[in-house]
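Only this structure's heavy atoms are used, side chains among them; waters, hydrogens and symmetry mates stay out. Order of the sequence lines sets the chain letters (A, B, ...), proteins ahead of strands, with each chain counted from 1.
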Number of protein chains: 2
Amino acid sequence: MDRIDRQMLQLLQQEGRLSTVELAERVALSPSPCARRLKRLEDSGIISSYRAVLNRKLLQLATTVFVNVRLMHHREDAVRLFEEAVTTMDEVIACHVVSGAFDYLLEVVVRDLPDYEKLVRKLQALSMVQDITSNFAIRTVKSGTPLPLPGQL
Amino acid sequence: MDRIDRQMLQLLQQEGRLSTVELAERVALSPSPCARRLKRLEDSGIISSYRAVLNRKLLQLATTVFVNVRLMHHREDAVRLFEEAVTTMDEVIACHVVSGAFDYLLEVVVRDLPDYEKLVRKLQALSMVQDITSNFAIRTVKSGTPLPLPGQL
DNA sequence: CGTGAAAAGATACACAA
DNA sequence: TTGTGTATCTTTTCACG
C-alpha cells in the first residue's frame with residue numbers, strides 16, 4: 001500500500017468506472033502493474049464494491065431525514081428484532097448504533113412528508129422503540145465525499 | 001422511466017460496474033436497448049456518477065462520528081465561511097443543514113480519537129461556531145443501501 | 001515495472017420487425 | 001421501441017524482458 005495505491009483509490013472513489021488503462025495513465029503507470037494493483041485492492045477487500053450514485057431529486061426522493069431512536073431496554077432479543085426490522089425498511093438507507101442520548105441514528109430517504117409519516121408510524125409500532133426524534137436535512141452541503149486516506153499506510 | 005429502468009438502477013446501485021451486456025441479460029433485454037436506456041439515465045443525470053466503495057476498517061479509518069454544530073448567528077457571510085471551511089475538511093464526508101436544535105449535522109471519518117480531537121479543535125477554532133456535540137458510531141447496522149425507488153414513476 | 005501481442009469483451013450503428 | 005448483426009474499438013490478460 002503505497003502512494004500509487006492511494007492515488008488509485010482516490011480516483012476510483014470519484015470515478016468508479018475508470019478502466020485499467022485510464023487509471024494507469026492518471027497514476028503514471030502502464031496498464032499491467034495498474035491492473036495487478038487493482039486486482040489486489042479488490043481481492044483484499046479494500047475496494048468492497050462499485051456503485052452507481054443516483055440523483056435523489058430527479059427520482060422524487062427529495063426528503064432526507066435523520067431519525068434518532070431510543071429503545072425501551074437493551075435486551076439482546078429486542079436489539080436483534082429492532083435491527084432486523086430496520087434492515088428490511090428500504091427507506092432507511094443507513095443505521096448506526098451511536099453514543100449519546102439515543103441508541104440509533106437512522107438516515108431515511110422518502111419522497112415527501114406523508115411517506116415520512118408512514119415510516120415514523122412503522123417505527124413507532126415496534127414495541128421495543130421508546131421514542132424517536134427526527135431532524136430533516138434541509139440542504140446538503142456535501143455528501144459522499146471520498147474518504148481521507150491516511151498518508152502513511 | 002418504467003419498470004426496466006428502475007430495475008437497471010437497482011442493479012447498478014449494487015454493482016456499478018455491470019457492463020451493458022450483463023445488465024441486459026439481467027433485465028431480460030438485448031444489449032442495444034439496454035445501452036440506450038443506460039445512456040439516457042446517465043445523460044439525464046439520474047445516474048450522477050459511479051464510485052468505488054472502500055472498506056474503512058482495512059484502511060484504518062474505523063472511527064465514524066456524527067457531529068452536530070450550532071452557529072452563533074446566521075448571517076450570510078458566517079454561514080458561507082463555515083460551509084467553505086467544512087468543505088475543505090477531508091475528514092468531513094457529509095454535511096447537512098438540519099432542522100432541530102442544531103444547524104448542521106456532519107459525518108466525520110477519522111483514524112482514531114486523537115485525530116478526532118484534532119478535527120474538533122479545527123471546528124471549534126472557527127469563530128462562527130457556537131458549540132458542537134459528537135455522537136460516535138459504535139457499530140454500523142446498515143449503510144449505503146440502494147435508494148428506495150418509487151414504483152409509480 | 002514495462003512491452004507487446006493475442007484474446008475477449010464492449011460499444012456503436014444501421015437496419016428490420 | 002426492441003432485436004439482430006456487424007464492425008470497430010477498447011480492455012484485459014499473459015508471457016517475457
Novice: Looking at A:Arg70 and A:Asp131, is any side-chain nitrogen of the basic one under 4.0 Å from a carboxylate oxygen of the acidic one?
Specialist: yes
Novice: Atom CD of A:Glu22 to atom P of D:dC9: distance rounded to whole Å?
Specialist: 17 Å
Novice: For DNA chain C, which nucleotides open and close the run of contacts to chain B, 5' to 3', at under 4.0 angstrom from a non-hydrogen atom?
Specialist: C:dA10 to C:dC13
Novice: Using the six-membered ring wherever Trp is involved, compare the ring planes of A:Tyr116 and A:Phe136 and label them parallel, tilted or perpendicular (cut-offs 30° and 60°).
Specialist: perpendicular
Novice: Take A:Ala28 and B:Lys39, find for each the nucleotide of DNA chain C with the closest heavy atom, and name the residue whose nucleotide sits nearer the 5' end.
Specialist: A:Ala28
Novice: Please evaluate the base of D:dT12 for a donor-acceptor partner in the side chain of A:Ser32 within a cut-off of under 3.5 Å?
Specialist: no
Novice: Would you say A:Arg36 reaches D:dT12's phosphate, i.e. side-chain N/O to OP1/OP2 under 4.0 Å?
Specialist: no
Novice: Any Lys/Arg nitrogen of B:Glu22 or B:Arg17 sitting under 4.0 Å from an Asp/Glu carboxylate oxygen of the other?
Specialist: no
Novice: Starting at atom CD1 of B:Ile4, determine the distance to atom C1' of D:dG3, rounded to an integer number of angstrom.
Specialist: 13 Å
Novice: For D:dT11 and A:Thr20 - does any side-chain N or O of the residue sit under 4.0 Å from the phosphate oxygens OP1/OP2?
Specialist: no
Novice: Round to a whole Å and report the spacing from CZ of A:Arg17 to P of D:dT10.
Specialist: 17 Å
Novice: Assess, by modelled atom type and distance only, whether the side chains of A:Gln14 and B:Tyr50 contain a donor and an acceptor separated by less than 3.5 Å.
Specialist: no
Novice: Nearest-Å distance, CD (A:Glu25) to P (D:dT12)?
Specialist: 12 Å
Novice: Side-chain donor-acceptor pairs under 3.5 Å in residues 117-124 of chain A, sequence neighbours left out?
Specialist:
| unit_1 | atom_1 | unit_2 | atom_2 | d |
| --- | --- | --- | --- | --- |
| A:Glu117 | OE2 | A:Arg121 | NH2 | 2.5 |
| A:Lys118 | NZ | A:Asp115 | OD1 | 3.1 |
| A:Lys122 | NZ | A:Glu91 | OE2 | 3.2 |

Novice: How close do B:Leu61 and B:Val109 get, counting heavy atoms only, and between which atoms?
Specialist: CB-CG1, 3.7 Å
Novice: Hey, what do you get for CD (B:Glu107) to OG (A:Ser143), rounding to the nearest 0.5 Å?
Specialist: 9.5 Å
Novice: Is it true that A:Phe66 and B:Phe66 have ring centroids separated by less than 6.0 Å?
Specialist: no
Novice: Starting at CZ of B:Arg37 and ending at C1' of D:dT1, how long is that distance when rounded to a whole Å?
Specialist: 8 Å
Novice: Measure CE/B:Met8 against P/D:dT2 and give the value in whole Å, please.
Specialist: 10 Å
Novice: For B:Ser30, which contact category applies under a 4.0 Å heavy-atom criterion: base, sugar-phosphate, or nothing?
Specialist: base
Novice: Could you state the CZ-P distance from B:Arg3 to D:dT2, rounded to the nearest angstrom?
Specialist: 13 Å
Novice: Could you write out DNA chain D as dot-bracket? Rules: Watson-Crick or G-U wobble, both distances under 3.5 Å, brackets [ ] for crossings, | for pairs with another strand, dot for unpaired.
Specialist: ||||||||||||||||.
Novice: Restricting to non-hydrogen atoms, name the atom on A:Leu11 and the atom on A:Arg26 that form the minimum distance, rounded to 0.1 Å.
Specialist: CD1-CB, 3.8 Å
